[in-house]
Every structure is written in C-alpha cells, then in structure tokens.
Protein chains: 2
Amino acid sequence: MRKRPGRPRSARGRKSYHHGDLRRALLEAARELVQTAGAEALTLRAAARLAGVSQAAPYRHFADKRALLAAVAEEGFRALTETMRRATVAHAGDPLGRFRALGLSYVGFAVSHPAHFRVMFGRETADKAAHPGLRDAAEETLGLLVGALTDCQRAGLARPGDPAELAVSAWAAVHGLSALLLDGQLGTAAPERVEQLAQCVTASLFLGLGPERA
Amino acid sequence: MRKRPGRPRSARGRKSYHHGDLRRALLEAARELVQTAGAEALTLRAAARLAGVSQAAPYRHFADKRALLAAVAEEGFRALTETMRRATVAHAGDPLGRFRALGLSYVGFAVSHPAHFRVMFGRETADKAAHPGLRDAAEETLGLLVGALTDCQRAGLARPGDPAELAVSAWAAVHGLSALLLDGQLGTAAPERVEQLAQCVTASLFLGLGPERA
DNA sequence: ACCTGAACACCGTTCAAGT
DNA sequence: ACCTGAACACCGTTCAAGT
C-alpha cells in the first residue's frame, strides 16, 4: 500500500540498503505495536524490527525513544481532536449539547484506544517543551473545549469567568473518568456502565458550569 | 533506626546471610527509590541493591515486580486516605465543606507525591484481582468520598441518586486534574495556579452535584 | 527456609565501520 | 547521508547451588 513508485528498490521489490522513508515506516510500526500489543510493547527495537532495519537505524530519525513516543502521542491527539470534532456535528445550534458531546466522545476515544491514550498522557512524553508538535496538538484538543464553553457563555448557558479555566475543569472530569476506567479502578467497566458513568460525569459537569441561578 | 535487638546479626552489626525481614526492607527501599528518584527508578534490582541482597532474593518475598509495585501502591492509598481524613477535621458539622476538603486534599497529595501517585495508578498495578490488599485500600479511599456525599444528601445539600455513582464523578474530577497536572498538560503549574485550579474544579463539582433548584 | 551466582532474553544507547 | 554490527550498561526472571 502507498508504494511511491519512483523510489529505488532492489530487484525483488524489497527495500534497498537505504530505506527511503524510514521515519514514516517507524511511525507506522509504532502505531501498530501500540494498537495490537499495548503501550509497553512499544520499544524502539521492536519498531525497528517491524520496519525491517537494525536496532540502531531509528537514531537517524528520532533522537531517542521519547521522541518516537512523542510522535505517536501527537498522532493520537490529532485523532482525538478529529473524533471530538465529528461528535459535535449533530449538535448545530445547541452549544450545551456540543459541549457535552465533546466530553462524551473524549471518554469514548479513551476506552476504545486505551494504549494510544496512555502514550498520549504518559510520563515519557511529559516534557512538552521538547516536543512542540505534541504540545500544539494537545492544545488544539483543549481548544475545542474552550471554544464550546465560550459559545455556551455567549448563549447564557455557562457561568461567566475565564473560559480556559472552566474548560480545564471539564477536561479534568472527562480525563479523570477515562484514567480511572483505563487503570481498572472502576471495576470491569462493561460498555453500558462506561456509558452510564460518562453520562453522569458530563451531566454533573454541565450543571456545575451552568449559569448561576438566584 | 528500628534495630530489633533480638534478631541474629553478624559481629560487625551487618546483616547475616539470612536477612530476617527482607520483605519490609525491600518495601522501605522501594518507597525511598520512588520518593527520591521517581517511579521509573523503582526496579526490582535497585530495591535489592538498596536492601543489600542479591538480585534474585526479592523473589522469595514478591512473586514479581508487579507484586512489589502493588505493595507500594497500597501504602500510597493508605497514606492518601489518612491525608484526606485529616483534611476533614476542620469541617465538623459542614458536610459540603468536608466533601470539598476531601477533593482539595486529594489534589494536594498528588502534586506533593507525584511519583507515588503514579505508581498507585500505573498500569502495572491495574490488575486489582491479583492484589486484593491494594483493591481494599483503594476502595477505602473512594469510601471517604461516598460517605461524605451521603452526608450531603442527608442534609439536602446534594441531589438524590446512587451516592457511589455521584462520588465517582467527584473522584473523576479531582483525579483528572491531578493526572493532567502530573503529566505536565497544564503548563508549569506553579503552586498558586494548582490551588486556583483545584478550587475551580471542586467548586464547579460542588455546584453540579448540588440539589436541583426550581 | 532463605539467599547467591550465573545465565537467558530482553531493553536503550553509542560508535566505529560499511555502502 | 544513511544504515549495520558489535558493544555497554542496564532490565525481569529462572534455576541450580550454596548456607
């Protein structure tokens, strides 16, 4: 798939000594490892093996393991953003519904891509200053919440105040539920229970961020 | 310190071939490693070195690395429970104040013991069925929130509903904020900003879980 | 009953050497 | 310019052997 025909290859169609696009191949290998074998199976050596190169080859393209993890995490944030954005289309003209749909789809992403989610929030990629692309992708995700909350405020459906700070509260709630679910802290977590908890969390959230009533 | 005088030791005061209480020594070593060098420095071999035994010795006392981590995590939950319980004493007769103090002290524990907190919620100890002591300790922590919420309900200060489910919402909010802070997702997180965010999260929470107003 | 020493199969990372 | 092979210092885990 995606065979870039102009690239030099050996007679039998296998890759040449120079890989050509090893960076992309390593990223694809890393993504596959995370999806199929979990976050702890994502090692630099395993990615190199899957890409068919020596263990030292990745260091031409990634400074260290953290850099590869950061690239995978960045992909994850872009996918999460896309998932959340898609979840809002059914709620045009309903700021509160959009806001809540963002939260529900956040939890949905976490439980359906647990390993990827862990890489996105793992300690190894915590140094955002060293990975500006990752920081930008994460800020774009948060931006969706800030934007939706601002819309709620404009419609008089959310209390006044710094939207970034209120959005962080919303983020904390759905992120916390996701983290507790992935860490097995809430029992077996059957799909219907996940849905119920997500509804409960986003409901109480919505109420707490709502306008003050006299 | 804590020299158990009746225990057989060699002439120079060093430990004998048989350690005597290696399990406890390994746990102390593990706790020290986590506190001083971080969660990723907590290896079985390092704990054995710190306890002065061979790398294979821990396997007499812990089935594997996860078992040691689970023991450290259990200690962490007990310390967290104690911290939270202490935070409520200033709020006798004020169910809402108690509930909020529990949440604030949860975040406070996370930011002041980040490595320990990570071990408590790390993937390696996610298998609660294999570590009943850890599960009990974690449930005791959650129990504080459930109890405080039930008191709020009795006083008409929280909406009716399954207290366990509403307590999970509260847990999710403070846990999410803690996780985002520890993962560097909210910037540098100066102490006053941490305090501000924790106030904001527990405030919106309190409002959202409060009684329905007509 | 408890611990050691050596081994095995892994890591991340570096570096001279190959093409 | 990009990749390999071998090496180094680590892991977790096992197992025969020591005390």
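Proteins get letters first, then strands, A, B, ... in listed order; numbering begins at 1 in each.
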*asked:* Counting primed atoms plus P, OP1 and OP2 as sugar-phosphate and everything else as base, spell out the protein contacts along nucleotides 8-13 of chain D at 4.0 Å heavy-atom distance: B, S or - for each nucleotide, 5' to 3'.
replied: ---BBB

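Under a 4.0 Å N-O distance rule, the pair E74(B)/R78(B) qualifies as a salt bridge. Using a 4.0 Å cut-off between charged nitrogen and carboxylate oxygen, R86(B) and E82(B) count as a salt-bridge pair. At a threshold of 4.0 Å, the pair R85(A)-E140(A) counts as salt-bridged, since one of the basic side-chain nitrogens sits closer than that to a carboxylate oxygen.
Aromatic ring centres of F77(A) and H116(A): separated by at least 6.0 Å. Between F109(A) and H113(A), the ring centre distance stays below 6.0 Å. For an aromatic pair to be called close, the ring centres must be under 6.0 Å apart, and H91(B) with F99(B) fails this.
To the nearest angstrom, P of dC3(C) lies 12 Å from CZ of F62(B). Taking atom CG of residue D21(B) and atom C1' of nucleotide dC3(C), one finds them 15 Å apart after rounding to whole Å. To the nearest angstrom, P of dC2(C) lies 13 Å from CZ of R23(B).
Taking a pair as Watson-Crick or G-U wobble with both distances under 3.5 Å, the runs of three or more consecutive pairs in DNA chain D are C:4-8 with D:12-16, C:12-16 with D:4-8.
In summary, of the residues considered (K65(A), R123(A), R66(A)), a salt bridge (charged side-chain N to carboxylate O under 4.0 Å, His left out) with E40(B) occurs for R123(A) alone. Checked options V72(A), L134(A), L68(A); the residue passing with T125(A) is L134(A) (criterion: side chain to side chain contact (heavy atoms under 4.5 Å, CB included)).
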